[in-house]
Amino acid sequence: MIATGTCFMRGDEVERDSSVRGIVTFEWDETEEVVIKGTIEGLKPGKHGLYILTLGNISNGYSSSGMHYNPCEKKHGGPQDDERHVGDLGNIEAGDDGVAKFEMHDRLIRLAGNYSIIGRTLVVTENEDDLGKGENEGSITGGNAGKGVAWGIIGIANK
Ligand code: ZN
C-alpha cells in the first residue's frame, strides 16, 4: 500500500501579484522516506524555499496557516539537518524558463500518524532558503526566504 498526497499550488495574482502554479505529489510506502515530486512554473530563475506550514487555512493566503510545521520545537534548518522543522523541505531550483521540476526524498515527513502533512499548507517562496545558516534571527526562524509566491493544501490522493 502506497499512500499518496497531492497539492495544487497557486499564487494570488490580484492580492500578491504572483501567477506561480504547480503540482506536487507525496508518496509513502510506509518505509523511512517520503518521495516528493513536483513541477512548479512561473518562478524567477534560481533557488526557492519549499515548506510545509502548520495549518491548512488559506483564507488569507498562506499567511493564515501559521509557521513552518514544527511539532518537535526545533530551529529552522535544511532537510538533512537534525535541527530542522519537520516542514523544512529545503530548496528547489527553477531554470531560465522559470520552471522547477524536482524529486526529493524526505526522512521526516509522513502521510499519516505522527508528523503527517495531510491537511497542512505547502508554500514555495520568492527567495532561496539559507537553511538556518544565516547567523541571524530570520535565519533560525524561517531561512530568510521571503514571501510565499504559491501555496496549497496537501490533500489525500488515494484511498
Ligand atoms: Zn523551518
Side-chain angles (χ1 to χ4, degrees), residues 3-28 33-70 76-81 84-106 108-111 115-134 136-158:
T4 310
T6 187
C7 182
F8 172 58
M9 307 176 76
R10 57 183 297 174
D12 187 325
E13 290 175 53
V14 177
E15 297 288 331
R16 298 173 194 261
D17 191 27
S18 172
S19 57
V20 176
R21 294 280 187 280
I23 293 188
V24 179
T25 62
F26 300 84
E27 296 174 355
W28 183 40
E33 293 185 332
V34 168
V35 179
I36 306 165
K37 295 176 185 170
T39 303
I40 301 176
E41 55 190 47
L43 295 163
K44 69 181 180 189
K47 292 184 176 178
H48 303 268
L50 188 68
Y51 311 97
I52 295 153
L53 303 179
T54 308
L55 307 177
N57 178 354
I58 55 170
S59 58
N60 185 26
Y62 66 92
S63 306
S64 38
S65 279
M67 305 295 285
H68 297 179
Y69 179 42
N70 184 24
H76 179 76
Q80 309 304 327
D81 297 334
R84 64 170 265 196
H85 301 142
V86 171
D88 294 342
L89 302 180
N91 287 295
I92 60 172
E93 187 162 7
D96 290 339
D97 58 0
V99 178
K101 189 170 171 57
F102 55 91
E103 175 174 337
M104 53 177 93
H105 296 229
D106 194 88
L108 214 50
I109 63 170
R110 292 290 179 262
L111 298 186
Y115 307 164
S116 175
I117 60 167
I118 297 293
R120 306 187 196 281
T121 297
L122 182 68
V123 60
V124 61
T125 57
E126 62 178 343
N127 298 326
E128 180 176 357
D129 179 355
D130 68 18
L131 307 179
K133 312 297 188 294
N136 56 51
E137 183 65 23
S139 180
I140 57 176
T141 55
N144 293 319
K147 65 179 172 32
V149 291
W151 55 91
I153 297 172
I154 302 161
I156 298 168
N158 67 346

For [X] versus [Y], what's the shortest heavy-atom pair and its separation?
X      : Y      : answer
Glu41  : Val99  : CB-CG2, 3.9 Å
Thr141 : His68  : O-ND1, 4.0 Å
Ser64  : Asn60  : OG-N, 2.9 Å
Val34  : Arg110 : CG2-CA, 4.2 Å
Asp130 : Ser139 : OD1-OG, 2.8 Å
Gly56  : Ile153 : O-CD1, 3.1 Å

task = Show your reasoning for whether side chain to side chain contact (heavy atoms under 4.5 Å, CB included) applies to His76 and Asp81.
result = CA-CA 9 Å; His76 179 76; Asp81 297 334; over 6 Å; no
To the nearest 0.5 Å, what is the distance between [atom1] ([X]) and [atom2] ([Y])?
X      : Y      : atom1 : atom2 : value
Ile40  : Lys101 : CD1   : NZ    : 11.5 Å
Cys7   : Ile118 : SG    : CD1   : 10.0 Å
Ile23  : Arg21  : CD1   : CZ    : 11.0 Å
Tyr115 : Arg120 : OH    : CZ    : 11.5 Å
Leu50  : Ile92  : CG    : CD1   : 5.5 Å
Thr25  : Glu103 : OG1   : CD    : 8.5 Å

Can you tell if the side chain of [X] reaches within under 4.5 Å of the side chain of [Y], non-hydrogen atoms only?
X      : Y      : result
Ile156 : Leu111 : no
Tyr51  : Asp88  : yes
Val86  : Ile52  : no
Phe26  : Leu122 : yes
Met9   : Val20  : no
Phe102 : Glu93  : no

message = As a quick check of understanding, evaluate side chain to side chain contact (heavy atoms under 4.5 Å, CB included) for Ile36 and Ile109, giving each step before the final call.
response = CA-CA 10 Å; Ile36 306 165; Ile109 63 170; 3.9 Å; yes
More than 12 heavy atoms from other groups under 6.0 Å of [atom1] on [X]:
X      : atom1 : value
Asn136 : CG    : yes
Lys133 : NZ    : yes
Asp17  : CG    : no

Is a side-chain N or O of [X] found less than 3.5 angstrom from the main chain of [Y], in a donor-acceptor match?
X      : Y      : value
Tyr62  : Trp151 : no
Ser19  : Glu13  : no
Thr125 : Gly49  : yes
Glu27  : Val35  : no

message = Please evaluate residues Leu131 and Asn91 with respect to the criterion side chain to side chain contact (heavy atoms under 4.5 Å, CB included), reporting the C-alpha separation (whole Å), side-chain torsions for both, the decisive distance (0.1 Å), and the verdict.
response = CA-CA 9 Å; Leu131 307 179; Asn91 287 295; 4.0 Å; yes
